[in-house]
Structure formats: C-alpha cells, structure tokens
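What follows is a single structure, written as structure tokens, with notes after it.
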There are 2 protein chains.
Amino acid sequence: MANARVRLARKPADQYHHGDLQRALLQAAVRTIQKQGVHALTLRAVGEDLGVSRSALYRHFTDKAALLAAVAREGFRMLRIELEGAWEGGGRGRAGFEAMGHAYVRFALAQPSHYRVMFGSGLERNVADPELAEEGTRAFLALVNALVEQQRQGLIRPDDPEQLAHFIWSLVHGISMLAIDGAFRPGTDIELLTRLSLERVHTGIAPELAPDAG
Amino acid sequence: MANARVRLARKPADQYHHGDLQRALLQAAVRTIQKQGVHALTLRAVGEDLGVSRSALYRHFTDKAALLAAVAREGFRMLRIELEGAWEGGGRGRAGFEAMGHAYVRFALAQPSHYRVMFGSGLERNVADPELAEEGTRAFLALVNALVEQQRQGLIRPDDPEQLAHFIWSLVHGISMLAIDGAFRPGTDIELLTRLSLERVHTGIAPELAPDAG
DNA sequence: ACCTGAACACCGTTCAAGT
DNA sequence: ACCTGAACACCGTTCAAGT
C-alpha cells in the first residue's frame with residue numbers, strides 16, 4: 001500500500017532504472033507471488049512492473065529458477081524470524097514451543113504461494129542453491145534449539161533432538177500444506193487442529209506421565 | 001512392462017486408433033508422470049505416445065487440468081487400496097495401523113511425481129472435480145475407519161476420530177512431502193523417521209499410560 | 001557494465017475442416 | 001461422433017547490438 005507510492009517518486013530518468021536491480025527484481029517477484037500466485041510470475045510481467053526489458057533479469061539471475069530460489073530463501077528468512085519471535089515471546093518453554101507451532105502454520109496460511117515456492121515441486125527452483133539450503137537449515141535449527149533447551153529443562157524426553165525436530169516439522173508442514181491445498185473439509189478450524197495436534201504431540205514427547213487427565 | 005506389448009497387438013488400422021481413447025490417455029499420462037515427472041507431461045507428448053493428434057484429447061477432457069485431475073483421482077484410488085491392504089494385513093490393530101503409516105509414506109516415495117499431482121499446487125488441476133474429491137475422501141475414510149475400530153478396541157483414546165485422522169494424516173503427509181522434496185539431510189532414513197514418529201504419536205493417543213518406559 | 005529488441009523453440013487451446 | 005492440422009496467444013531463453 002504505502003510502498004506503491006515510493007515507485008512514483010523522482011528517479012534519475014537518463015540513468016539505468018535501478019541502482020540495485022537485483023534487489024528490485026527479487027522484491028517485485030515476492031510481491032507478485034504473494035498477491036497473484038506463482039503462476040502469475042512471468043519474467044515479462046516482472047520486467048514490465050519495473051519498467052525494464054524482460055531479458056534484463058538475466059544480468060542478475062542465471063534463469064527463472066534462480067529467481068525463485070531467491071524468493072524461497074527470503075521466505076525461509078521470514079519464517080525463521082517468526083519462529084524465533086514466537087519462541088522468545090512465549091517464554092522459551094512449553095508455551096513458547098506451542099507458540100512456535102502456531103506461528104509456523106500461521107505463516108504458511110498467510111503467505112500460501114510464497115510457502116509453496118519454499119517447498120517447491122522441484123519443477124520450479126530445481127537448482128541446488130547453497131544459500132537457499134543454508135537459510136532453510138537456519139530455520140530448522142530454530143526448531144532444534146528450542147527442543148534442546150526444553151530437554152535441558154526436563155520438559156521433553158531425551159530423544160535425539162534432530163529426530164524429534166523432523167517429526168514435529170513434518171507435522172506442522174503437513175497441516176500447513178493440506179490446509180493450503182484445501183484438502184481439509186471447508187469449515188475446518190486450522191488453528192484448533194494445530195492446537196489439538198500439538199497437545200497430542202506433547203503428551204507423546206513428555207518425559208513423565210503428566211497428571212492432566214482432566 | 002507386460003502392458004507395452006498390448007499396444008503392438010493388431011489394431012483396426014482403418015478405424016479410429018482407440019476404442020477407449022479416454023482411458024488410454026489417462027494411462028499414458030500416468031505412465032509419463034511416473035517415469036519423467038509432471039513437467040514432461042505435454043499434450044503433444046501424450047498424443048504422440050498414442051499416435052494421435054495433440055488436440056484429440058479435448059474430445060475426452062475439457063483441458064489439461066482435467067487430465068491431471070483424473071491422474072490424481074487414480075492416485076488416490078491406488079493409495080487407498082495400499083492403506084486398506086496394510087490395515088487388513090497387519091491384523092486391524094496397532095500393528096496394522098503402524099503398517100498403514102508406513103504404507104502411506106512408501107507409496108509417496110515410490111511415486112513422487114504422481115503423489116505431487118494428487119496434492120498439487122492448485123497451479124495444475126485447479127478444477128473442482130467432484131470425482132476427485134470423492135476418491136480423496138474415500139482414502140481419508142480408510143484412515144478414519146481404522147481409528148474408530150481401534151477406539152472400539154480400547155487402543156486409542158476416545159477423541160474425535162476425524163480430528164485424530166487430520167492429525168495423523170498431516171504427519172505422514174508432511175514426512176512424505178519433505179522427503180520427496182529432499183528437505184531432509186541426504187542420508188536420512190525415512191523409514192526410521194516414520195517408525196519413530198508413529199511411536200511418538202502412539203504414546204500420545206493411547207488411552208492409558210503404557211508401562212513401556214524402557 | 002548494463003540493458004534492449006528481435007528471434008527461437010516450446011507450450012495450451014481453438015476452430016474450421018475432414019471422415 | 002471423432003479426429004486433424006493450421007493458427008493464435010503466450011511462455012523462457014539467447015544473442016547481436018546499442019549506450
């Protein structure tokens with residue numbers, strides 16, 4: 001909304017359009033994907049959006065897949081920040097961990113197209129982008145770290161943290177994907193499903209038998 | 001393999017190529033997707049494969065999305081049969097339920113491209129195909145039924161079966177998708193991850209506290 | 001160094017025409 | 001009723017040429 005104004009501001013007319021076209025291309029791509037979905041992302045459209053030739057992109061990205069990889073990388077960065085924020089904000093304990101789960105699913109539902117690019121079919125962004133891999137790993141580590149810290153507090157049984165992280169990541173990813181794809185019944189309350197699922201998970205990974213049979 | 005022979009058999013040369021082109025198109029599409037992925041599925045290629053014009057398909061499917069919907073429907077049918085087989089073969093109890101989980105993930109890993117079409121981006125097959133929805137529901141019901149039967153046996157706590165099914169479906173779907181997309185570390189043992197995950201799930205959904213703290 | 005614009009090969013889809 | 005083949009609008013990508 002407010003950003004739209006910025007592009008109307010004065011710009012050096014007889015210069016190249018952007019001092020940092022690479023960055024502008026990435027932002028335009030993210031914007032298009034979030035608003036209209038991946039299918040609307042054509043190199044022609046993103047070029048037109050920036051007032052630039054459709055082949056100008058090839059100066060900054062090797063091809064469309066590389067552009068999508070950059071979009072995915074940006075997505076993982078955003079997701080990690082959300083997860084860390086939820087964990088900290090929730091008090092780095094069981095409440096914070098549950099908040100992480102909700103934050104994950106909420107992120108996917110708020111940015112479904114962006115989320116799909118992050119976990120793409122391999123059709124798009126089939127490139128083995130090392131920066132993308134690293135950003136994905138960092139997001140995953142936010143989850144692992146939260147598990148380890150809870151294990152230190154005796155809140156979670158001392159299983160292999162990475163295995164536990166894989167388990168929980170799979171769960172929230174599955175909920176997110178099925179919700180995005182509309183696989184659940186129309187009226188399904190995703191937040192409720194997430195809460196109940198995390199409840200079941202906790203009872204499973206708790207070290208002792210909690211007396212909460214209420 | 002054996003089916004490849006059939007197409008070499010005598011055919012009425014001066015007739016239309018197929019008595020049931022619709023069925024042949026679907027089979028060719030499934031074959032192409034399983035062998036070469038969705039990106040290789042072009043209407044030109046599938047037509048060429050059957051010795052038919054590229055626009056002949058439009059007599060039998062409204063468009064490419066409808067063809068993909070048929071592929072997805074066939075996939076759900078295959079998946080349901082696998083799930084039911086595992087449940088029955090495992091003795092309709094806890095072992096059978098765990099076998100269902102493994103069968104699900106194994107199906108996805110064996111037919112990754114086919115599985116992706118089933119849970120497509122909405123990019124492809126965005127059509128609201130009622131037959132597809134029904135076949136998907138039938139596969140889901142195989143899971144719900146197994147849960148209800150275990151609840152009757154006292155093997156699972158009496159939560160809402162549909163919610164429990166959503167929870168578990170999300171888990172196995174998440175494991176499958178992340179494994180297909182190569183999101184796990186290269187050497188990751190998916191079968192082991194599935195087993196450990198199902199173990200954690202069971203401890204969570206069991207009605208009583210099992211004395212297996214070994 | 002950065003961008004343009006024409007060209008190429010490839011799509012899905014349509015439609016008048018054939019049998 | 002079923003299929004053909006030319007045509008259309010749309011892609012991503014390349015490359016010689018401009019500044």
Side-chain angles (χ1 to χ4, degrees), chain A residues 7 11-29 32-33 36-72 113 117 120-127 129, chain B residues 7 11-29 32-33 36-72 113 117 120-127 129:
Chain A
R7 287 196 290 128
K11 60 184 175 186
D14 55 311
Q15 280 289 88
Y16 294 126
H17 287 88
H18 298 84
D20 195 350
L21 183 55
Q22 167 143 10
R23 190 177 164 76
L25 284 166
L26 174 57
Q27 289 180 345
T32 301
I33 285 175
Q36 319 185 50
V38 206
H39 71 279
L41 184 75
T42 70
L43 301 191
R44 282 159 168 81
V46 67
E48 214 169 286
D49 192 7
L50 296 173
V52 139
S53 164
R54 54 181 168 270
S55 50
L57 174 136
Y58 289 88
R59 276 295 134 190
H60 306 280
F61 297 95
T62 62
D63 55 8
K64 189 182 181 181
L67 176 62
L68 283 169
V71 170
S113 295
V117 173
S121 335
L123 244 147
E124 314 106 20
R125 73 150 196 70
N126 43 5
V127 196
D129 187 319
Chain B
R7 288 196 290 127
K11 60 184 173 185
D14 56 312
Q15 279 290 90
Y16 295 124
H17 287 88
H18 298 85
D20 193 351
L21 183 57
Q22 168 144 9
R23 191 177 162 76
L25 285 166
L26 173 56
Q27 289 181 345
T32 300
I33 285 174
Q36 317 185 51
V38 207
H39 72 277
L41 184 75
T42 71
L43 300 190
R44 282 159 167 82
V46 67
E48 213 169 285
D49 192 5
L50 295 173
V52 140
S53 164
R54 55 180 167 269
S55 52
L57 173 135
Y58 289 87
R59 278 293 133 189
H60 306 281
F61 297 94
T62 62
D63 55 8
K64 189 182 181 180
L67 175 61
L68 283 169
V71 169
S113 295
V117 173
S121 336
L123 245 147
E124 314 106 19
R125 73 151 194 70
N126 43 3
V127 197
D129 187 320

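Naming convention: chains lettered A, B, ... in sequence-line order (proteins, then strands); numbering from 1 in each chain. Everything quoted here is computed from the prediction, not taken from an experiment.
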B:L25 CG to D:dC3 C1', straight-line distance once rounded to whole Å: 12 Å

Residue pair B:A45 / B:A40: nearest heavy atoms and the distance that separates them: CB-O, 4.2 Å

Atom-to-atom span, CG of A:L50 to P of C:dC3 - whole angstrom: 11 Å

Steps toward side chain to side chain contact (heavy atoms under 4.5 Å, CB included) verdict (A:L21, A:L50): CA-CA 9 Å; A:L21 183 55; A:L50 296 173; 4.1 Å; yes

At a cut-off of 3.5 Å, list every protein nitrogen or oxygen paired with a nitrogen or oxygen from nucleotides 9-12 of chain D, distance to 0.1 Å.
residue: D:dG12; atom: OP1; partner: A:L43; partner atom: N; Å: 3.4
residue: D:dG12; atom: OP1; partner: A:K64; partner atom: NZ; Å: 3.0
residue: D:dG12; atom: OP2; partner: A:L43; partner atom: N; Å: 3.2
residue: D:dG12; atom: N7; partner: A:R44; partner atom: NH1; Å: 2.7
residue: D:dG12; atom: O6; partner: A:R44; partner atom: NH2; Å: 3.3

Set of side chain to side chain contact (heavy atoms under 4.5 Å, CB included) partners for B:R23, sequence neighbours left out: B:D20, B:Q27

Nearest listed nucleotide, side chain of B:A56, among D:dT14, D:dC3, C:dC2: D:dC3

Interatomic distance, B:D20 CG vs D:dC2 C1' [rounded to whole Å]: 13 Å

Nearest-Å distance for atom pair CD/P, residues A:Q22 and C:dA1: 16 Å

Test log, rule side chain to side chain contact (heavy atoms under 4.5 Å, CB included), inputs A:V71 and A:V38: CA-CA 11 Å; A:V71 170; A:V38 206; over 6 Å; no

For DNA chain D, the dot-bracket pattern of Watson-Crick and G-U pairs whose distances stay under 3.5 Å, | for other-strand partners: ||.|||||...|||||.||

Between C:dT19 (P) and B:R59 (CZ): distance, integer Å: 17 Å

Atom-pair distance (CG on A:L57; C1' on C:dT4), nearest Å: 14 Å

Nearest non-hydrogen partners of A:K64 and A:L43, listed with the distance: CG-CD2, 4.0 Å

Closest nucleotide among C:dC3, D:dT4, C:dT4 to the B:S53 side chain: D:dT4

For A:E48, all residues meeting side chain to side chain contact (heavy atoms under 4.5 Å, CB included), sequence neighbours excluded: none

Sequence-distant partners of B:S53, side chain to side chain donor-acceptor pair (under 3.5 Å), two or more places apart: B:S55

Partner set under side chain to side chain contact (heavy atoms under 4.5 Å, CB included) for B:R59, not counting sequence neighbours: none

Point-to-point distance, once rounded to the nearest 0.5 Å, from CG of B:L67 to CD of B:Q22: 9.5 Å

